[in-house]
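The structure that follows is given in the form of structure tokens.
Hydrogens, waters and symmetry mates are skipped; everything else that's a heavy atom, side chains included, is used.
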Amino acid sequence: MLPRFRIFHWVAAHKRTLATDEFLGNTLAFIAGAINAGGFLAVGQYTSHVTGFVSSIADNLVLGSLGIVLVGVTALVTFVSGSACSAVLINWGRRNAPGRQYAYPLGLEAALLLLFGALGSASGAFPGLLLLAAPLLCFIMGLQNATITKISGARMRTTHLTGMVTDIGIEMGKLFYWNRRHGPPGARTVAADRRKLAILLRVVGMFFAGGIVGAVGFAQLGYVFTVPLAAILLGFVWPTFVRIGKRP
């Protein structure tokens with residue numbers, strides 16, 4: 001385990017540990033929950049999961065509501081584009097800037113959060129800017145989800161909970177399963193992966209906590225609340241650039 005607070009200097013580093021992966025995953029889940037809940041208050045749409053987008057496209061296509069279909073398609077395309085952007089940045093970083101590949105998408109997410117805040121703040125004078133807000137949030141969510149997926153080796157997702165809650169149910173089923181003493185020959189003992197269960201519960205809990213904080217933050221502060229969220233991400237990536245920049 002890294003010394004207290006020292007972990008902040010290694011969250012976006014190339015060399016990974018389970019501690020840094022979990023810390024980053026929990027923090028990103030908190031940020032995603034805050035953006036999702038606060039974004040709903042700001043633009044009237046949840047932006048962190050694709051399932052709703054696809055269902056909305058199918059339903060409204062049948063109903064003939066082509067305007068809503070266009071909104072759903074835009075959300076889907078921008079989410080996928082964010083994921084693709086993360087993959088490009090990470091792979092480019094591995095080839096051209098070793099050690100910074102994870103800092104690039106996290107830094108971009110921070111910049112885009114600030115852009116979202118700026119668009120929202122200016123929407124009072126220019127209401128049309130809000131049309132860009134929801135696609136921008138979808139792009140950010142795709143970017144973040146792909147980044148933590150690459151970093152954790154697909155062990156964690158942070159912008160939607162369906163898969164993680166399913167895995168929690170599976171592990172809990174194993175946890176409460178009664179292994180009979182006299183089972184069939186060669187039968188394996190059913191045992192829950194308690195560490196995995198703990199990781200999943202923390203990520204889901206942080207997403208929920210972020211949702212509460214985001215709803216309160218956006219309700220009380222408005223778009224200015226994007227500043228502390230972006231500051232967290234910038235605090236993660238800054239030490240990586242400074243540390244590598246000092247190398248001879």
Self-check item: From CZ (Arg195) to CG (Leu200), nearest 0.5 Å
Solution: 11.5 Å

Quiz item: Is there a path of hydrophobic side-chain contacts, each under 4.5 Å between heavy atoms of I, L, V, M, F, W or Y residues, that connects Leu89 with Leu115?
Solution: yes

Exercise. Check whether Leu129 and Leu114 end up in the same hydrophobic cluster, where Ile, Leu, Val, Met, Phe, Trp and Tyr are linked by side-chain heavy atoms less than 4.5 Å apart.
Key: no

Exercise. Report yes if some heavy atom in the side chain of Tyr104 is under 4.5 Å from a heavy atom in the side chain of Ile90; otherwise report no.
Key: no

Quiz item: According to a 4.5 Å side-chain heavy-atom criterion applied to Ile, Leu, Val, Met, Phe, Trp and Tyr, with indirect links allowed, do Leu63 and Leu70 form part of one hydrophobic cluster?
Solution: no

Quiz item: Quick one: do Phe218 and Ile212 end up in the same hydrophobic cluster if we chain Ile, Leu, Val, Met, Phe, Trp and Tyr together by side-chain heavy atoms under 4.5 Å apart?
Solution: no

Quiz item: More than 12 foreign heavy atoms under 6.0 Å from CZ of Arg194: is that the case here?
Solution: no

Quiz prompt | side chain to side chain donor-acceptor pair (under 3.5 Å) involving Ser83 - partner list, sequence neighbours excluded | solution = none

Quiz item: Heavy-atom distance under 4.5 Å between the side chains of Glu22 and Ile199, does that happen here?
Solution: yes

Quiz prompt | Over all atoms of both residues, closest heavy-atom pair of Ile168 and Val204 | solution = CD1-CG2, 3.9 Å

Self-check item: Which atom of Gly117 lies closest to which atom of Thr226, heavy atoms considered
Solution: CA-OG1, 3.5 Å

Quiz item: Out of curiosity, does Val216 fall in the hydrophobic cluster containing Phe207 (side-chain heavy atoms, cut-off under 4.5 Å, transitive links)?
Solution: no

Practice problem: Report the residues that fulfil side chain to side chain donor-acceptor pair (under 3.5 Å) with Asp21, sequence neighbours left out, ordered by chain and then residue number. | Solution: Arg16, Arg155

Quiz item: So, for Ala29 and Gln144, which heavy atoms are closest and what is the spacing to 0.1 Å?
Solution: N-OE1, 4.3 Å

Practice problem: Please name the pair of heavy atoms, one in Thr240 and one in Gly99, separated by the smallest distance, quoted to 0.1 Å. | Solution: CG2-O, 3.4 Å

Quiz item: Out of Asn145, Asn91, Thr147, which residue meets the side-chain hydrogen bond (donor to acceptor under 3.5 Å, both in side chains) rule with Ser86?
Solution: Thr147

Quiz item: Under a 4.5 Å cut-off applied to non-hydrogen side-chain atoms, are Pro228 and Phe225 in contact?
Solution: yes

Quiz item: What do you reckon, are the aromatic ring centroids of Tyr223 and Phe116 less than 6.0 Å apart?
Solution: yes

Quiz prompt | Inter-residue atom distance Gln101.CD - Trp92.CH2, 0.5 Å rounding | solution = 11.0 Å

